[in-house]
Amino acid sequence: MVPPRGKEQFGFDLARLARLWRARLDERLAPLGLTQAKWTILLHLSKADGHLPQRELVDRVGVEGPTLVRVLDGLERLGLLERRDCPTDRRSKIVHLTPAATPLIVEIAAIAAALRTEVMTGLDDADLDLCQRIIARMTSNLGGNRAEDGDAQ
């Protein structure tokens, strides 16, 4: 059992866990030719029924607009997504996954699930439930919406 480290250490521990988890996922997805920016966008789109307004994708992914545009350009060149005009606002674009993205997203999900199983080894449902309630409360305390802020890992 890990000895109590105090509230001042909690944020550091949580940030370290997130960095390590993401780094391991990056390592495992690298053979697919996916950078963190690419797989994050694909997963956000897949969780949103395959399409999102580009502006909303910027908010969910948490990057600047020009950065997102460069990654979207690359994913579009790979045939994994397309941007279409918004029917109600011609200044806006809707980002859509293409059918070519489906097998890749299935593979990403399988790799992420295997890692999640490893990370959560030794934790039971009660542990995870308590952890999720704590994270949800802290996220709410910071004014965030957990459903939109989190990456599925």
Side-chain angles (χ1 to χ4, degrees), residues 1-78 80-81 83 93-98 101-153:
M1 180 170 223
V2 177
R5 296 173 62 176
K7 289 181 179 179
E8 66 279 352
Q9 187 63 34
F10 185 84
F12 291 108
D13 291 344
L14 192 58
R16 182 168 186 262
L17 170 61
R19 278 192 312 275
L20 285 169
W21 194 329
R22 193 170 286 226
R24 295 302 181 275
L25 190 54
D26 272 347
E27 289 169 6
R28 293 179 188 197
L29 293 176
L32 301 178
L34 295 174
T35 62
Q36 185 179 115
K38 289 178 182 175
W39 64 255
T40 301
I41 289 168
L42 293 173
L43 286 179
H44 277 287
L45 287 168
S46 71
K47 288 181 164 233
D49 296 325
H51 56 88
L52 279 171
Q54 191 166 315
R55 180 71 227 153
E56 188 172 336
L57 194 53
V58 165
D59 293 339
R60 287 187 184 208
V61 174
V63 298
E64 296 295 321
T67 301
L68 181 76
V69 167
R70 281 192 301 276
V71 179
L72 293 178
D73 288 345
L75 289 168
E76 200 164 30
R77 279 192 300 276
L78 294 171
L80 300 173
L81 61 81
R83 289 171 275 194
K93 297 285 185 190
I94 308 294
V95 181
H96 292 262
L97 290 172
T98 64
T102 301
L104 185 59
I105 290 168
V106 168
E107 197 164 356
I108 292 168
I111 291 168
L115 178 60
R116 190 170 35 255
T117 298
E118 289 176 36
V119 171
M120 295 183 182
T121 297
L123 301 175
D124 62 26
D125 289 344
D127 292 332
L128 293 173
D129 184 55
L130 176 60
C131 189
Q132 288 175 318
R133 286 195 328 261
I134 290 168
I135 290 170
R137 171 60 60 99
M138 292 175 147
T139 301
S140 176
N141 289 348
L142 291 170
N145 179 341
R146 188 170 148 232
E148 291 180 5
D149 292 342
D151 291 341
Q153 299 173 16

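Numbers here are sequence positions counted from 1.
Distance check: Leu14 CG to Met138 CE gives 7.5 Å after rounding to the nearest 0.5 Å. Rounding to the nearest 0.5 Å gives a distance of 11.0 Å between CG of Asp73 and CG of Leu78. Taking CG of Leu45 as the start and CD of Glu56 as the end, the distance is 10.0 Å to the nearest 0.5 Å.
Of all heavy-atom pairs between Val58 and Val63, the closest is CG1-O, 3.1 Å. The two residues Gln54 and Val69 come nearest to each other via the heavy atoms NE2-CG2, 3.4 Å. Annotation for Leu80 and Ala101: closest pair O-CB, 3.4 Å, computed over non-hydrogen atoms. Nearest heavy-atom pair, Thr117 versus Thr121, reported as atom, atom and distance to 0.1 Å: O-OG1, 3.0 Å. Taking every heavy atom of both residues into account, Val71 and Ala37 meet most closely at CG2-CB, 3.8 Å. Pairing each heavy atom of Ala48 with each of Arg60, the nearest pair is CB-NH1, 4.1 Å.
Other residues, nucleotides and ligands contribute at most 12 non-hydrogen atoms within 6.0 Å of the CG atom of Asp125.
Side chains of Thr102 and Leu97 form no contact here, defined as non-hydrogen atoms less than 4.5 Å apart. Within the 4.5 Å cutoff, the side chain of Leu42 has heavy atoms near those of the Leu34 side chain. Residues Leu68 and Ile41 form a side-chain contact, since some pair of their non-hydrogen atoms from C-beta on lies under 4.5 Å apart. The closest side-chain heavy-atom distance from Leu32 to Ile111 is below 4.5 Å. No side-chain heavy atom of Asp127 sits less than 4.5 Å from a side-chain heavy atom of Met120. For the pair Thr40/Arg22, a side-chain contact is recorded, criterion being any heavy-atom separation below 4.5 Å from C-beta on. Using a 4.5 Å heavy-atom threshold, the side chains of Arg116 and Leu25 count as separate.
In this structure a side-chain-to-backbone donor-acceptor pair under 3.5 Å is present from Thr139 to Ile135.
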Next item on the list: Show your working on side-chain contact (heavy atoms from CB on, under 4.5 Å) between Leu75 and Val95 and close with a plain yes or no.
Entry: CA-CA 11 Å; Leu75 289 168; Val95 181; over 6 Å; no
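Taking the salt bridge (Lys or Arg N to Asp or Glu O under 4.0 Å) definition, one finds that Asp124 meets it with nothing, sequence neighbours left out. With sequence neighbours excluded, no residue satisfies salt bridge (Lys or Arg N to Asp or Glu O under 4.0 Å) with Glu107. Checked against salt bridge (Lys or Arg N to Asp or Glu O under 4.0 Å), Asp26 has no partners two or more places apart in sequence or in another chain. For Glu8, the salt bridge (Lys or Arg N to Asp or Glu O under 4.0 Å) criterion is met by no residue, not counting sequence neighbours. Residues meeting the side-chain hydrogen bond (donor to acceptor under 3.5 Å, both in side chains) test with Arg24, sequence neighbours left out: none. With sequence neighbours excluded, the residues satisfying side-chain hydrogen bond (donor to acceptor under 3.5 Å, both in side chains) with Glu118 are Arg28.
Taking the charged nitrogens against the carboxylate oxygens, Arg133 and Asp129 do have a contact shorter than 4.0 Å, which makes a salt bridge.
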